[in-house]
Protein chains: 2
Amino acid sequence: MPKQVDPHSRRTLLADALLRVAASRGLMDVSLRHVAAEAGVTAGMVQHYFRTKDEMMVFALDVVAARVQARLEEGPAPDGPRARVRALLVQLLPVDADRELEGRVAIAFHAYAATRPAVAARLREDARRMREAIAAEVAAAGAPGALDPQRAATGLVSLVEGLAIHVLGGHVDADHALATLEGHLDLAFALPRL
Amino acid sequence: MPKQVDPHSRRTLLADALLRVAASRGLMDVSLRHVAAEAGVTAGMVQHYFRTKDEMMVFALDVVAARVQARLEEGPAPDGPRARVRALLVQLLPVDADRELEGRVAIAFHAYAATRPAVAARLREDARRMREAIAAEVAAAGAPGALDPQRAATGLVSLVEGLAIHVLGGHVDADHALATLEGHLDLAFALPRL
DNA sequence: TGCTTTACGTTGCACTTGCAACGCGAAGGA
DNA sequence: TCCTTCGCGTTGCAAGTGCAACGTAAAGCA
């Protein structure tokens, strides 16, 4: 056999190219040939590692999900529930170039999920995990009179996703979004003197 | 000349077909021929009313925007700032079939906007108007110690957009979303006894 | 030295896409 | 009555699409 390559790293390479194309030109422009060109390889190689385009899409989605997950777990967990939840949610805001790319990809995939049940299920599962993690922290914090943990979690995650859309669309800037998030965190964790 | 038709109603008819295709099969499947088929006309007629596909897309976006706007203005304005803001925001949640379709279209167009500056500008303007309307109501209500009006408005609009995504994705049900919205309205308008 | 397997590259095909171009019948005005 | 103009329908085309099929060089095992 030839050079014996690691298939997973090859697939990741292609997935990265896909994500770049998706972020810069939209999901409609994601084709075998465009991805191949972006990765600097031939279309035949793409076909070698993904039997179908859909398989490639799903794998790319897995890559972003794993990457976000990894970022959430890296570094020591901050002190206190509020800080931990904040750390989680900030990862979803497009505050730098990497996260902006991921944000654009996320929007594209939300639209894509509308027609692909498998993709939709994946996003649903991710969202569920995120909500539960946050609800647990809110419950642990035992905020006195604010929202119940489930609703607070749903609210915070939704808020951040909405903020991400507005930041990416240029409707508001990242600072305003961060400030808004801080305010809502205060509410959810019932800051003293509210 | 032949039967002398109203061009605007024809274009609206085609735009409706486009929206149905976009909602049911995604924006990637929106093509001249599919739209024509959905509308029950020939592809040639579509070309007659829209010189380019992009022109058709933008017109369709205008149609939804106008429709949402019309719905916001119909009926008497509710009593009190909180109720008025609630009425605004509920229109953006997919609580029935019509709004679900519009929600799917909205997501698709947010993704589309990433590559079309003209579309992005349109969405930005719509969002700005919505935020200002809400900020004005919040300010008028003079909520004592909660968020400042600008942030509250950004937060509420983002929250609702995020909730819409989660409802459409099947992550949470409409009732939960509504309840979450109520809770956040209470916070923004600083309900007694918080 | 074969022989097989891996990892691609190449070619081709059926199909869809946006769009231009042309045709053409039905209405009016002259 | 002619003749223009509008409202489409039809056809065609170059480009792009996903995917199958085949070829083929390299690397290991026998």
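Just so it is clear, the model here is predicted, and its values are computed rather than measured. Naming: A, B, ... by sequence-line order, numbering from 1 per chain.
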Return no unless some side-chain N or O of [X] is found under 4.0 Å from OP1 or OP2 of [N].
| X | N | answer |
| --- | --- | --- |
| B:Tyr49 | D:dG7 | no |
| B:Arg10 | D:dC8 | yes |
| B:Arg51 | C:dA20 | no |

Donor + acceptor pair across side chains of B:His176, A:Gln150 (<3.5 Å)
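No.
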
Tell me whether the count of non-hydrogen atoms from other residues, nucleotides or ligands lying under 6.0 Å of CG in A:Asp96 goes above 12.
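Yes, enclosed.
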
Considering residues, nucleotides and ligands other than A:Asp79, do more than 12 of their heavy atoms fall under 6.0 Å from its CG?
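It does not: A:Asp79 CG has 12 such atoms or fewer within range.
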
With sequence neighbours excluded, tell me which residues meet side chain to side chain contact (heavy atoms under 4.5 Å, CB included) with B:Ala15.
B:Phe59, B:Ala60, B:Val63

For A:Ala174 against A:Pro94, the heavy-atom pair lying closest together
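So the minimum-distance heavy-atom pair works out to CB-O, 4.5 Å.
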
For the pair made of [atom1] in [X] and [atom2] in [N], what is the distance, rounded to whole Å?
| X | N | atom1 | atom2 | result |
| --- | --- | --- | --- | --- |
| A:Asp54 | D:dC19 | CG | C1' | 13 Å |
| B:Leu13 | D:dG7 | CG | P | 15 Å |
| A:Lys53 | D:dC19 | NZ | C1' | 12 Å |

Within the 4.5 Å heavy-atom criterion, are B:Glu102 and B:Val68 side-chain neighbours or not?
yes

Using a 4.0 Å heavy-atom cut-off across all strands, classify A:Phe50 as base, sugar-phosphate, or nothing.
nothing

Counting only heavy atoms and a strict 4.0 angstrom limit, can you tell me which residues of residues 18-48 of chain A come near DNA chain C?
A:Arg33, A:Thr42, A:Gly44, A:Met45, A:His48

